[in-house]
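Here is the structure we will look at.
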Amino acid sequence: MARIVILGAGFGGLEMASRLSAGLGSDADVALIDQSDSFVFGFAKLDVMFGRKPASAVRHYYRDLVQPGVRFVRSTIRSIDPVEKRVVTDAGTFDADFLVIALGADLHPDATPGLVECGYEFYTVPGAFALRDVLDRFDGGRVIVAVTSTPFKCPPAPSETALLMHDHLSARGLRDRSDISLVMPLGSPIPPSPAASEALLQRFAEIGVAWYPQRLVRGLDPDRRVALLADGDEMPFDLFLGVPVHRAPAVVEESGLAVDGWIPVDPLTLETRFPGVFAVGDVTSVGTPKAGVFAEGQAAVVADRILASLRADEVSAQYGGSGMCYLEFGTGRVARVDVTFISGQSPSGRFDEPSPALAADKADFGASRIRRWFGSG
Ligand SMILES: Cc1cc2nc3c(=O)[nH]c(=O)nc-3n(C[C@H](O)[C@H](O)[C@H](O)COP(=O)(O)OP(=O)(O)OC[C@H]3O[C@@H](n4cnc5c(N)ncnc54)[C@H](O)[C@@H]3O)c2cc1C
């Protein structure tokens, strides 16, 4: 039986493992390696930070993962040799016939001067969870939600955060004495979806979220409590919520797999330039946004290709660049954006208006993944 080693048990790695298990059953020899003890959906970070769910409700522990043929190994990956398909971890060395890299993007709040000293970030699990108390204590003032570098995952998340911040401050009776500003490096909130962007801009205007497109915050001045923008402007704040700098994990940079920071792959097969070594999700430069649904779609294609090659079938599955994203609009409503990215073409897609029904769909989306990935139910 071929040895399949999956690095990273996030959106992409979990989808890979469950598909391989479904296809191969207990005959599979799949090692799924992650340094964390649990998986947390990106969107669940917003739920915890805005007090909609307790932290304990959004952690899915890998010890509960039951997938025939899949062995979860909790360990830190120290080196990856893509030529030998050999991986060294704190739990030993793993040799693979097929190696799949799904290690995501590492986040570096300390790479933005002043952010750790006088601001907050909401992209890491500890950062988002810690914000819950900070937001409960905040008694109003100037709030900035801002991006500090590109690329960054889930491009809609800063817009969602600004809208949920409006709800949070309104519910606590603080909205009248607060300003919310959203600073983004993009020209519109969700460039691949003009309809979604238009709906967001309209909502920002309705509720008074100040929108600053094509701007980046490069640092914070802790003494003066101002955000320092890349173009030289300054914005004073009482509460700063930042999207931190993203980089491929150091172990990927050191492996020789990355070019210009991220792993290039064939956009149709997700194979790297090393035969039998694939990469999916945020760690790649495949051309789709860094979001879980794209990692999941890419993992499905790689799993199908590995399964076909093990069965000596024709290997035909190809990645089509499609993804769907739920968008928190506040007041219990969620919208839906479907976009397809095809290399060399403008992205195309559709937008479904925000509604409570789509909020229920989003909950089902998460629950169905947990059932599929963890084998429960
Ligand atoms: C606030 C927020 C909201 C979001 N909302 C959405 C949304 O609504 N929809 C959506 O599709 N996406 C959303 N995302 C984005 C989504 O979370 C990521 O794009 C997605 O998780 C990427 O999947 P991945 O498999 O590439 O990497 P990840 O899910 O990040 O998994 C990478 C794994 O690799 C492990 N790892 C890294 N380095 C090592 C190492 N050296 N050794 C061992 N293990 C290691 C990590 O522990 C991690 O578990 C959101 C993100 C944020 C921050």
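In listed order, ligands and their atoms are each counted from 1. Here the structure is a predicted model, which is why all the values come from computation and not from measurement.
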Is the shortest side-chain heavy-atom distance between V245 and R247 below 4.5 Å?
yes

Not counting sequence neighbours, list each pair that qualifies as a salt bridge (charged side-chain N to carboxylate O under 4.0 Å, His left out) and has a residue in residues 290-316.
E296-R369, E296-R372

For F43 and F41, take the angle between the two ring planes, folded into 0 to 90°, and tell me which bin it lands in: parallel under 30, tilted 30 to 60, perpendicular over 60.
parallel

Are the side chain of S21 and the backbone N or O of S18 linked by a donor-acceptor pair below 3.5 Å?
no

When the ring centroid of F341 is compared with that of F294, is the distance short of 6.0 Å?
yes

So, F365 versus Y326, ring centres under 6.0 angstrom or not?
yes

So what's ligand 1 close to, N/O to N/O, under 3.5 Å?
unit_1   : atom_1 : unit_2 : atom_2 : d
ligand 1 : 11 (O) : G292   : N      : 2.9
ligand 1 : 11 (O) : V293   : N      : 2.9
ligand 1 : 12 (N) : G292   : N      : 3.0
ligand 1 : 19 (O) : D282   : OD1    : 3.1
ligand 1 : 19 (O) : D282   : OD2    : 2.9
ligand 1 : 19 (O) : A291   : N      : 3.4
ligand 1 : 19 (O) : G292   : N      : 3.2
ligand 1 : 25 (O) : F11    : N      : 3.4
ligand 1 : 25 (O) : G12    : N      : 2.8
ligand 1 : 26 (O) : D282   : N      : 2.9
ligand 1 : 29 (O) : F11    : N      : 3.2
ligand 1 : 41 (N) : I77    : O      : 3.3
ligand 1 : 42 (N) : Q35    : OE1    : 3.3
ligand 1 : 42 (N) : I77    : N      : 2.9
ligand 1 : 44 (N) : Q35    : N      : 3.1
ligand 1 : 47 (O) : D34    : OD1    : 2.7
ligand 1 : 49 (O) : D34    : OD1    : 3.3
ligand 1 : 49 (O) : D34    : OD2    : 2.6

